[in-house]
Amino acid sequence: MVLTKGGRRMFPYCRYRLTGLDPNQLYSLILSIVPFGPDRYHWIGNNWKVLTELKHSCQGPCQAFSHHHEPYLGSVWMCGSVSFYKLKLTNHSQDMDEHIVLHSLHRYIPRLHVVPVSDKQVPSPDNCVTLGPETMTFIFPQTEFVTVTTYQNFQITQLKINHNPFAKGFREDGKNPRLQRLSKIEFFFFRQNCPALPYTDSKKLLT
DNA sequence: TCTGACACGTT
DNA sequence: GAACGTGTCAG
């Protein structure tokens, strides 16, 4: 996931489908992002490798984000999928916009907290949700990610460009003149160095 | 490694 | 048309 000073949305974002809730009970949904470990990683070769094994965690307290629709009855939450697309990540430790502050080049994993809420304790800016003993927490290992400020892996970049509508302008079938100019430069460079391979392979070699 | 300006696309 | 969300690129 990319971190920026001003906050960057997660993509892909966390989306869940809930079942088994009490249809008549109010629930708040909280997403927290916790460190997978204290280690700092580097992209070396074609893998993430531990660069430094820190003896003491440099992470702050657990970071949490309330779903923007809340609280709702269990029957409402179970109607469809629940998305946290509005959640933003930042590496700015002094962030004042309620984004989740993370450290670059670290591994994290999101946790979903389903919090039963009584009618008398409806959350508000002055009354935060508390994760009590009745809170149900779910962790999905496949949602683990590494934070970066600059993409390290071309395949991930390409995956995001192909699936994120806001990055449509960078798709190879797009009409971005900037990309077309780069393609011509790459093609020229490729022909000078490796004229036997087709053009599509040259782009992989050069990136 | 990180930042900010930038062009382009979505909402 | 404005605000916002993207990856790129130069420094």
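Proteins get letters first, then strands, A, B, ... in listed order; numbering begins at 1 in each.
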Subject >> OP1 or OP2 of B/dT1 under 4.0 Å from side-chain N/O of A/N91 >> reply: no

**OP:** Specify the separation, in whole Å, of atom OH of A/Y85 and atom P of B/dT10.
**Re:** 17 Å

**OP:** Would you classify A/K86 as touching base, sugar-phosphate or nothing, given that sugar-phosphate means primed atoms plus P, OP1 and OP2, and contacts are heavy atoms under 4.0 Å?
**Re:** nothing

**OP:** Please report the shortest heavy-atom distance between A/L31 and A/I100, naming the atom on each side.
**Re:** O-CD1, 4.4 Å

Original post:
Does A/K88 put a side-chain nitrogen or oxygen below 4.0 Å from OP1 or OP2 of C/dG5?
Top reply: yes

Original post:
Could you give the CZ-to-C1' distance, from A/F154 to C/dG7, as a whole number of Å?
Top reply: 12 Å

Original post:
Side chains of A/R111 and A/V34: does their closest heavy-atom pair fall under 4.5 Å?
Top reply: yes

**OP:** For residues A/L105 and A/W48, report the shortest heavy-atom separation together with the two atoms involved.
**Re:** CD2-CZ3, 3.9 Å

Original post:
At their closest point, which heavy atom of A/Y16 faces which heavy atom of A/P110, and how far apart are they?
Top reply: OH-CB, 4.2 Å

Original post:
Does anything in residues 1-13 of chain A reach DNA chain C, meaning a heavy atom under 4.0 Å, and if so which residues?
Top reply: A/R8, A/R9

Original post:
For DNA chain B, which residues in residues 156-167 of chain A have a heavy atom at a distance below 4.0 Å?
Top reply: A/P165, A/F166

Original post:
Do A/L3 and A/T90 come within less than 4.5 Å of each other through their side chains, counting heavy atoms only?
Top reply: no

Subject >> A/H106 and A/Y41: CA distance, side-chain angles, deciding distance, ring pair (Phe, Tyr, Trp, His ring centres under 6.0 Å) verdict >> reply: CA-CA 6 Å; A/H106 283 71; A/Y41 289 78; 7.6 Å; no

Original post:
The side chain of A/K168 lies closest to which of these nucleotides: B/dT1, B/dT10, C/dG7?
Top reply: B/dT10

Subject >> Contact summary for A/K160 and A/A167, nearest pair of heavy atoms >> reply: O-CB, 4.4 Å

**OP:** Starting at atom CD of A/Q152, determine the distance to atom C1' of B/dT1, rounded to an integer number of angstrom.
**Re:** 8 Å

Original post:
Would you find more than 12 non-hydrogen atoms of other residues, nucleotides or ligands less than 6.0 Å from A/Q155 atom CD?
Top reply: no

Original post:
To the nearest Å, how far apart are A/F170 CZ and B/dG9 P?
Top reply: 9 Å

Original post:
Is A/H92 touching bases, backbone alone, or none of the nucleic acid, heavy atoms closer than 4.0 Å?
Top reply: nothing

**OP:** Over all heavy atoms of both residues, which pair between A/T137 and A/H113 is shortest? Give the atoms and the distance, please.
**Re:** OG1-ND1, 2.8 Å

Subject >> Rounded distance (Å) that lies between atom P of B/dT3 and atom CG of A/L105 >> reply: 11 Å

**OP:** Figure out the CZ/C1' separation between A/R171 and B/dT10, and round it to whole Å.
**Re:** 11 Å

